[in-house]
There are 2 protein chains.
Amino acid sequence: MPINYFIEQLQAKGIKITPQRQEILHVFLSEENLHLSAEEVHSRITAKYPSMSLDTVYRNLAMLQEQGILTELNFGERKSLFEINNSEHHHHLVCTKCGGSQEIDFCPLDFMDRKKIINFKIEKHSFEIFGICANCME
Amino acid sequence: MPINYFIEQLQAKGIKITPQRQEILHVFLSEENLHLSAEEVHSRITAKYPSMSLDTVYRNLAMLQEQGILTELNFGERKSLFEINNSEHHHHLVCTKCGGSQEIDFCPLDFMDRKKIINFKIEKHSFEIFGICANCME
DNA sequence: ATGTATGCAAACTATTTGCACCCCC
DNA sequence: GGGGGTGCAAATAGTTTGCATACAT
């Protein structure tokens, strides 16, 4: 998806397109499968634009998540990671040693009997497998 | 499981049984399905034993988790919750409004083809469904 | 007796908030 | 022009750490 896809989506809701917001989107679109913390997003941007503040990164990650453009990942560490909703719904294998992750396409919700969940309005779900990746194995 | 089951398990590893450690175990064994933060454990204990420090709670929750007696739950909030490994392996429905949770017995690992996961040593996994519970629904 | 565990205080990390100024629409 | 967005600084929440003392074994 080109950056304009997301920009138009924001404009349609009356959200202003600032240079800072464009930079954040650029970061997430610059590579495949990026999982970045607020700090990491910030440092990638300040390399070029030192005036970008970390607060603004936090505020906009939250906004982009509310708008459905980013997904917040909690890999059990203290800090949240974010990924852009660019590809199919997926989950992750997370290496507990290096922190790296790879995608898996299995989704538990496809296999469980949702009728068993009554009186509960499902909003979202999380599924991660933690362990040691090939690189860290030896 | 009686408290002695856990105490013996700790003693067998040469871990000292202090009054503080016993109090923490008591808290988790006092009710079914408890999911408590460090702060909550601490305040339940200080009600009776005001000298218990929060640091000690943190240190011992970590120790009990390493010993396999507690499981740390990350429901996406800032703080971790802990539950005692008393019952069958299970996952949770978590209410995003009140923070409450109920157990579900479906486990994704029973349904996915583990052969698809190669070059990765599985250590643990997480699966939670988030949404609105019956109480918070109206 | 010995070394681990505790309490206290202070440090730390990730994140959030108040406020005055700025700039996108 | 106006209201949302930004940077700065300070506050907050949860957790961790250093150190001297206390206590379980």
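Chain letters run A, B, ... following the sequence lines, proteins first and then strands; every chain starts at 1.
Using cut-offs of 30° and 60° on the angle between ring planes, the pair A/His35 and A/Phe75 is perpendicular.
Shown here for B/Asn33 and B/Glu103, the closest heavy-atom pair between the two residues is OD1-OE2, 2.8 Å. Taking both residues in full, the closest heavy atoms of B/Glu88 and B/His90 are given as O-ND1, 2.7 Å, listed atom of the first, atom of the second, then distance.
The distance from atom CG of A/Leu81 to atom P of C/dT15 is 9 Å, rounded to the nearest whole Å. Summarising the geometry, the separation between CD on A/Gln22 and P on D/dT6 is reported as 11 Å, rounded to the nearest angstrom. Rounded to a whole Å, the CG atom of B/Asn74 is 19 Å from the P atom of D/dA13. Look at CG on A/Asn60: it is 15 Å from C1' on C/dT15, rounded to the nearest Å. In this structure, B/Glu40 places its CD atom 11 Å from P of D/dT15, rounding to the nearest Å. With rounding to whole Å, B/Glu77 atom CD is found 16 Å from D/dT15 atom C1'. Look at CD1 on B/Ile15: it is 18 Å from P on C/dG3, rounded to the nearest Å. Going from atom CG of B/Leu61 over to atom C1' of C/dA5 covers 15 Å, rounded to whole Å.
The main-chain N or O of A/Arg21 is found under 3.5 Å from a side-chain atom of A/Thr18 such that the two form a donor-acceptor pair. Side chain of A/Asp113 to backbone of A/Lys115: a donor-acceptor contact under 3.5 angstrom is found. Within the 3.5 Å criterion, the main-chain N or O of A/Ser37 finds a donor-acceptor partner in the side chain of A/Glu40.
When the side-chain nitrogen and oxygen atoms of B/Ser80 are compared with OP1 and OP2 of D/dG14, none of them lie within a distance under 4.0 Å. At D/dT16, none of the side-chain N or O atoms of B/Tyr58 fall inside 4.0 Å of OP1 or OP2 (strictly under the cut-off). Checking the phosphate oxygens (OP1, OP2) of D/dT6, a side-chain nitrogen or oxygen of A/Arg21 falls inside 4.0 Å.
At a threshold of 4.0 angstrom between heavy atoms, the contacts of B/Pro19 are confined to the sugar-phosphate backbone, with no base atom among them. A/Lys16 comes within contact range of at least one nucleobase, with a heavy-atom separation under 4.0 Å.
The environment of A/Asn135 atom CG is sparse: at most 12 non-hydrogen atoms of other residues, nucleotides or ligands sit within 6.0 angstrom.
Of the two residues near DNA chain D, B/Gln11 and B/Phe82, the one whose nearest nucleotide lies more 5' is B/Phe82. Along DNA chain C, the nucleotide nearest B/Thr18 and the nucleotide nearest B/Arg78 are compared for position; the residue whose nucleotide lies closer to the 5' end is B/Thr18.
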Find every protein N or O atom lying less than 3.5 Å from an N or O atom of nucleotides 7-10 of chain C, and list the pairs.
{"unit_1": "C/dG7", "atom_1": "OP1", "unit_2": "B/Gln20", "atom_2": "NE2", "d": "3.1"}
{"unit_1": "C/dG7", "atom_1": "OP1", "unit_2": "B/Ser51", "atom_2": "O", "d": "3.1"}
{"unit_1": "C/dG7", "atom_1": "OP2", "unit_2": "B/Ser53", "atom_2": "N", "d": "3.2"}
{"unit_1": "C/dG7", "atom_1": "OP2", "unit_2": "B/Ser53", "atom_2": "OG", "d": "3.2"}
{"unit_1": "C/dG7", "atom_1": "OP2", "unit_2": "B/Thr56", "atom_2": "OG1", "d": "2.6"}
{"unit_1": "C/dG7", "atom_1": "N7", "unit_2": "B/Arg59", "atom_2": "NH2", "d": "2.9"}
{"unit_1": "C/dG7", "atom_1": "O6", "unit_2": "B/Arg59", "atom_2": "NH2", "d": "3.1"}
{"unit_1": "C/dC8", "atom_1": "N4", "unit_2": "B/Asp55", "atom_2": "OD2", "d": "3.3"}
{"unit_1": "C/dA9", "atom_1": "N6", "unit_2": "B/Asp55", "atom_2": "OD2", "d": "2.4"}

